[in-house]
2 protein chains.
Amino acid sequence: MTTTFEALADPTRRRILDLLRERPRLVGELVDLLEISQPGISKHLRVLREVGLVHVRQDAQRRWYELRLEPLAEVEGWLQPYRHMWEERYERLDELLDELQEKENKHDEP
Amino acid sequence: MTTTFEALADPTRRRILDLLRERPRLVGELVDLLEISQPGISKHLRVLREVGLVHVRQDAQRRWYELRLEPLAEVEGWLQPYRHMWEERYERLDELLDELQEKENKHDEP
DNA sequence: TCATTATATAACTTGACAGTTATATAACCA
DNA sequence: TGGTTATATAACTGTCAAGTTATATAATGA
């Protein structure tokens with residue numbers, strides 16, 4: 001288990017990340033919310049830690065797990081050309097946004 | 001193996017998709033380009049077919065495999081709120097684009 | 001200090017998956 | 001028709017991952 005893609009392949013891990021989107025959580029909270037044993041959750045958190053998708057903050061015996069977005073850049077990067085194709089085919093949304101962006105920039109220039 | 005996420009977890013399958021981004025390919029081409037046996041490639045193609053990421057066109061004994069983007073919507077959908085967070089945090093790019101879009105719309109209205 | 005709380009790790013089981021080789025299927029062509 | 005080409009499927013193997021239970025670690029608080 002090394003890549004972000006593999007970490008995201010597991011539905012439980014995706015659910016954990018979704019929960020962490022709201023706010024940092026203790027391991028115990030995740031155990032209560034998902035229906036998996038505490039060691040099971042800890043193992044998932046380990047994988048997420050290893051790929052950098054979560055970060056731990058210790059607080060006495062408790063550990064707050066919080067989301068880290070950075071590794072998603074890898075996924076975004078891979079998806080980028082596909083999104084491009086999609087947009088080219090269906091809306092040319094990409095070009096539109098680029099154009100708009102450009103106009104706006106000129107607008108703001110002195 | 002059911003979800004798009006799982007299909008994308010395997011690096012060989014991602015490479016196959018990358019190759020299909022250029023143009024449709026025969027199984028044999030993929031076998032030559034990747035260093036995996038023909039049955040191995042066929043198995044990966046099966047998985048990709050099952051989640052709808054590729055489509056086959058038969059041509060005599062040959063099979064042209066071509067990319068299908070639709071299933072990537074599932075991934076995009078899941079990523080959306082994360083991208084949102086990212087943009088909120090680092091650039092508010094999202095809001096900017098929305099604003100630009102709105103202005104442009106007013107512009108185009110009679 | 002000792003029991004409790006919170007989490008991590010170890011050890012194990014089960015199942016699935018990526019890869020292989022061997023074989024089946026099926027269309028082509030000489 | 002029979003051999004060749006192109007791909008799929010079957011059967012098998014080894015690895016790894018997700019889950020479990022049991023245990024270790026470590027900080028707290030009475």
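The model shown is predicted, which means the values in this text are computed figures rather than measured ones. A, B, ... follow the sequence lines: proteins, then strands. Residue 1 opens every chain.
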Run the side-chain donor-acceptor check on residues 32-42 of chain B: report pairs under 3.5 Å with partners two or more places apart or on a different chain.
| unit_1 | atom_1 | unit_2 | atom_2 | d |
| --- | --- | --- | --- | --- |
| B/Ser37 | OG | B/Gly40 | N | 3.2 |
| B/Gln38 | NE2 | B/Ser42 | OG | 3.1 |

Among residues at least two apart in sequence or on other chains, which ones pass salt bridge (Lys or Arg N to Asp or Glu O under 4.0 Å) with A/Arg62? A/Asp59
Please name all residues satisfying salt bridge (Lys or Arg N to Asp or Glu O under 4.0 Å) with B/Arg46, sequence neighbours left out, ordered by chain then number. B/Glu50
5′-ward residue of the pair A/Glu35/B/Val56 relative to DNA chain D: B/Val56
I want to check one thing: is the phosphate of D/dG19, taken as OP1 and OP2, less than 4.0 Å away from some side-chain N or O of A/His44? yes
Distance test, side-chain N/O of B/Arg13 to OP1/OP2 of C/dA18, below 4.0 Å: yes
Hey, could you give me each pair passing ring-ring contact (aromatic ring centres under 6.0 Å, His included) that has a residue in [range]? Not counting sequence neighbours.
range	value
residues 28-53 of chain B	none
residues 5-28 of chain B	B/Phe5-B/Trp78
residues 46-76 of chain B	none

Please state how far atom [atom1] in [X] lies from atom [atom2] in [N], giving the value in whole angstrom units.
X	N	atom1	atom2	value
A/Arg62	C/dT4	CZ	P	18 Å
B/Glu6	C/dC17	CD	C1'	11 Å
A/Arg15	D/dG19	CZ	P	12 Å
A/Asp10	D/dC16	CG	C1'	13 Å
B/Phe5	D/dA18	CZ	P	15 Å
A/Ile41	C/dA6	CD1	C1'	14 Å

How large an angle, rounded to 10°, do the end axes of the helix from C/dT1-D/dA30 to C/dA30-D/dT1 enclose when each is built from five base pairs? 10°
Using the side chain to side chain donor-acceptor pair (under 3.5 Å) criterion, which residues pair with B/Glu66? Sequence neighbours excluded. B/Arg57
With sequence neighbours excluded, residues passing side chain to side chain donor-acceptor pair (under 3.5 Å) with A/Glu74: A/Thr4
Please report the interatomic distance CG(B/Leu20) to CG(B/Leu30), rounded to the nearest 0.5 Å. 6.0 Å
Could you run down the sub-3.5 Å N/O contacts of the protein with nucleotides 21-27 of chain C?
none

Residue pairs involving residues 20-29 of chain A (criterion side-chain hydrogen bond (donor to acceptor under 3.5 Å, both in side chains); sequence neighbours excluded): A/Asp18-A/Arg21, A/Glu22-A/Arg25, A/Arg23-A/Glu29
Under the side chain to side chain contact (heavy atoms under 4.5 Å, CB included) criterion, do A/Leu8 and B/Leu8 qualify, and how do the steps go? CA-CA 9 Å; A/Leu8 296 181; B/Leu8 296 182; over 6 Å; no
For DNA chain D, which residues in residues 16-23 of chain A have a heavy atom at a distance below 4.0 Å? none
Base, sugar-phosphate alone, or nothing: which one does B/Ile36 contact when heavy atoms must sit under 4.0 Å apart? sugar-phosphate
